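Notes for the one structure printed next.
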Amino acid sequence: MRWSKTLIPTMKEVPADAEIPSHQLMLRAGLIRQLMAGAYTYLPLGYRALRKAEAIVREEMERAGAVELFMPALQPIDLFEKTGRKEAFGNVLINFQVQRGGRQVHLALGPTHEEVVTDLISRHVTSWRQLPLCVFQIQTKFRNEERPRFGVLRTSEFLMKDAYSFHSSLEQLNETYQAMYHAYCRVFARCGLNYVPVEAESGPIGGDASHEFMVPAGNGEDRIVKSTKGNYAANLERAETGRKSPSLTTPADAAALQKVATPNATSIEQVSRMLKCSPQQMIKTLIFQADDAPVAVLIRGDHEANEGKIRRALGCKSLGLADPKTIEAVTGAPVGFAGPVGIKCRVIADHDVPLIANAVTGANAADAHFTGVNIGRDYQLDTTFDLRNAVHGDPCPRSDGTLELVHGIEVGHVFKLGTKYSVSLGAEFVDEKEQRHPLIMGCYGIGVNRIIASLAETSFDENGLIWPLSVAPYSVEIIPLNVTDPEVMQLAERCYSELEAAGVDCLFDDRDQRPGFKFKDADLIGIPLRLVIGGKGLKEGNVEIKWRTSAGPDKVPVDQAVVTVQRLLAERRTQEFARVPA
RNA sequence: CGGGAUGUAGCUCAGCUUGGCUAGAGCGCCUGGUUUGGGACCAGGAAGUCGCAGGUUCAAAUCCUGUCAUCCCGACCA
């Protein structure tokens, strides 16, 4: 492609609305333009990169045995009502009514396609002999983000690869799950991403096992926990800690229990300031409603409660913070003064709580807290649990390493769905013994835009983007330094047509601009290999070839230019593939 | 949805506090010329309903009210 024939609006200055590297660079390099908050146009250069990532995803899905189909983005709202997800999605689900003849039709724009695909499969798959089956599509998804942000990382409209698998047994599901997991590793490795598969909660979608694929990045929205020994990684929601129950004995030097006045101090922060104690010294007492019973959950003041862990520790179905009426009934005090001493409900505590000697906590009385609270003497526990979010330095649950927290961008998610959708939509099969069972499902998503955005976010230098060959918009940029010099242009044109004929995708910078100008643009858009043809080199019979990341150019004889470019690209491709798991 | 910030030329921004000349600069763009190996120089030029609506005033980019949009923090996020 000739630069003069395409649209690559590069910018020298940083747009005021862009804060993070990927957003700034994608705008400056002319990859994207914003239409409104959460909706971006992919310009020719950005679209090429997106398409290359898409092609890699498609290849790997097919390699893993999935078949591609294409479902409508427009969906009848009834499907979401049947599965209860109209509620669950709430405002995120873009839906509206349209007139058709005399009636109103209520439609939604698909945020994902579990309903549509399950409905489809339920009509055509009836026998165990047809299973397993794995279908996928690459399609635009719509979610009304309450707050789109970070440029292209969080938008209301995005390209997603979503795959769905159907099985007659858990073993079958596990096999496909493994195949998808492996395919995902190959996809992200081929795209040149530094990725970490982490254990994850499957979330409101249900199911029992799931992994997220995260790209570590300071601006990532998610927090993930990694072991320093490298054998454990999980998202913060899910991450276990390797802590154990401490001994539940009253410390020998326990101070006296004292009630102190704390008027209007209802938060950890307010109390710690008023009583001049650190949050680590405090016990946070949260009253939850677990199924039908209130439960007090004790967490050290500086820690965050983890609802998933609390739910598992209690073995309850539903869990949520109790309403003020319940809290008052249980504590005998308004909200904000709960504590374990004399509370009238079941109490469970995190491992770290009994370790606090002379703790500060609510006194179950208005405007009062206790100090000098100690395990055994002032409150009792049978045992303790892991109930809080992991924290930097916690012991690893799988090794003698410790845990560290990093931010990450979620680029993929695989999970075992089970029968949630097949049950609610009546998707059943008949087994060998003529018994009917709901189909067992898995689903697997990749954010294609996020592959590009994560690369832009993590692969750049002070001059601009640095693409891996695999998803670079073009492999080679050819730069004739003086387009008015016929000798230079003739050679440049020849290299361009020979490379294109050999199937190498080239960007030919045929603009009448000064060399420095073109070099700056070339670095900004980050095409991996640069072929420079200039008057000086030509006098010596040379052209210059340079990788985006190497310090200086290599001189190559004119007649070797095309084959050298081809050789270098082939070598680089092999290198990039060497990192892909077999 | 709560908190904060910003809307002036394609981009980055000044002007607003203290209302008043024809609304400015740099970059980009157009014309001509000189240049040509890391974002050239000279000369000339085009380009803005000052986000929008209403109000105050002899007079509003500037003050007031409302509204819309965008960005950031938080809540939310299959």
Side-chain angles (χ1 to χ4, degrees), chain A residues 7 9-20 23-24 27-28 30 33-40 80 83-94 108-117 141-151 153-156 158 160 162 164 200-207 210 212 219 221-222 235 237 410 413-415 417 420-421 441 443-445 447 462-464 479-485 488 509 511-525 530 532-540 542-544 546 551-553 555:
Chain A
L7 178 64
T10 58
M11 287 190 277
K12 190 147 67 169
E13 277 167 307
V14 180
D17 280 345
E19 296 219 340
I20 64 171
H23 194 195
Q24 294 181 350
L27 285 167
R28 289 222 294 135
R33 281 298 179 269
Q34 185 181 52
L35 177 62
M36 59 179 184
Y40 288 82
F80 289 94
T83 57
R85 289 170 96 202
K86 184 170 183 284
E87 277 282 272
F89 274 115
N91 199 235
V92 171
L93 185 68
I94 298 177
L109 289 177
T112 172
H113 280 70
E114 280 83 4
E115 282 82 0
V116 176
V117 78
K141 296 286 188 283
F142 299 87
R143 288 180 199 175
N144 179 39
E145 288 297 341
E146 293 282 326
R147 191 187 150 207
R149 62 185 127 171
F150 300 140
L153 275 177
R154 187 161 203 81
T155 54
S156 291
F158 52 96
M160 176 166 154
D162 48 328
Y164 307 90
E201 295 281 1
S202 50
I205 200 161
S210 114
E212 289 170 348
N219 287 308
E221 283 191 280
D222 296 286
N235 75 9
E237 268 183 306
E410 183 187 347
H413 197 163
V414 293
F415 43 93
L417 274 179
K420 177 179 157 85
Y421 295 96
M441 294 174 58
C443 79
Y444 319 91
E462 67 277 11
N463 294 314
I479 305 182
L481 287 188
N482 186 349
V483 299
T484 58
D485 180 334
V488 167
D509 191 349
R511 295 174 301 171
D512 185 9
Q513 290 287 357
R514 298 165 64 86
F517 187 94
K518 292 190 179 185
F519 290 148
K520 286 288 185 193
D521 262 356
D523 286 346
L524 216 208
I525 67 174
R530 194 180 83 183
V532 171
I533 295 150
K536 275 187 200 167
L538 220 51
K539 284 202 189 74
E540 304 161 12
N542 291 327
V543 298
E544 288 164 22
K546 177 186 170 302
K555 289 187 178 21

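These figures come from a predicted structure and were not determined experimentally. Reminder, nothing fancy here: chain letters follow the sequence lines and each chain counts from 1.
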Any strand counts, and the cut-off is 3.5 Å on both contacts for Watson-Crick or G-U wobble. Which nucleotide pairs with [N]?
N     : result
B:A46 : none
B:G19 : none
B:U12 : B:A25
B:A61 : none
B:G37 : none
B:U6  : B:A69

Given atom [atom1] of [X] and atom [atom2] of [N], what is their separation to the nearest angstrom?
X      : N     : atom1 : atom2 : result
A:D512 : B:U31 : CG    : P     : 12 Å
A:E146 : B:C73 : CD    : P     : 16 Å
A:R149 : B:G3  : CZ    : C1'   : 14 Å
A:M36  : B:G51 : CE    : C1'   : 18 Å
A:D17  : B:C13 : CG    : P     : 9 Å
A:I533 : B:G37 : CD1   : C1'   : 14 Å
A:D222 : B:C76 : CG    : P     : 13 Å
A:Q24  : B:C11 : CD    : C1'   : 14 Å

Identify, with sequence neighbours excluded, every residue that meets side-chain contact (heavy atoms from CB on, under 4.5 Å) alongside [X].
X      : result
A:P148 : A:A37, A:E145, A:S156
A:N463 : A:D461, A:K520, A:D523, A:R548
A:K555 : A:E540, A:N542, A:E544

Exercise. Not counting sequence neighbours, which residues clear side-chain hydrogen bond (donor to acceptor under 3.5 Å, both in side chains) with A:D485? List them please.
Key: none

Self-check item: Selection from B:G37, B:C71, B:C13 that lies nearest to any side-chain heavy atom of A:A16
Solution: B:C13

Quiz item: In terms of side-chain heavy atoms of A:E13, which of B:G37, B:C71, B:C11 is nearest?
Solution: B:C11

Considering only nitrogen or oxygen atoms on both sides, find all protein atoms under 3.5 Å from nucleotides 4-7 of chain B and state each distance.
none

Expressed in whole Å, how much space separates the [atom1] atoms belonging to [N] and [M]?
N     : M     : atom1 : value
B:U49 : B:U8  : C1'   : 12 Å
B:G2  : B:U65 : C1'   : 23 Å
B:C27 : B:A14 : C1'   : 15 Å
B:C30 : B:A60 : C1'   : 34 Å
B:C64 : B:G28 : C1'   : 38 Å
B:A40 : B:G54 : P     : 46 Å
B:C1  : B:G20 : C1'   : 44 Å
B:G39 : B:A25 : P     : 25 Å

Quiz prompt | Presence of donor-acceptor pair under 3.5 Å, side chain of A:E544 and base of B:G37 | solution = yes

Quiz item: How do A:P553 and A:H23 order along RNA chain B: which one's closest nucleotide is nearer the 5' end?
Solution: A:P553

Quiz prompt | RNA chain B: 5'-proximal contact among A:K536 and A:F158 (nearest heavy atom) | solution = A:K536

Just checking [X]: base, sugar-phosphate only, or nothing, at a heavy-atom cut-off of under 4.0 Å?
X      : result
A:G537 : base
A:E145 : nothing
A:P111 : nothing
A:F150 : sugar-phosphate

Quiz item: Name the one of A:V483, A:L538, A:L481 that satisfies side chain to side chain contact (heavy atoms under 4.5 Å, CB included) with A:V488?
Solution: A:L538

Practice problem: Assign a letter to each nucleotide of nucleotides 38-50 of chain B from its 5' end: B, base within under 4.0 Å of a protein heavy atom; S, sugar-phosphate only; -, no contact. | Solution: BBB----------

Quiz item: Below 4.5 Å, heavy atoms only, C-beta onward: do A:D17 and A:Q24 meet side chain to side chain?
Solution: no

Quiz item: Do you see a donor-acceptor pair shorter than 3.5 Å between the side chains of A:Q34 and A:Y40?
Solution: yes

Quiz item: Less than 4.0 Å between a side-chain N and a carboxylate O, is that true for A:R28 and A:E13?
Solution: no

Quiz item: Any ion pair linking A:K420 and A:E114 (charged N to carboxylate O, less than 4.0 Å)?
Solution: no

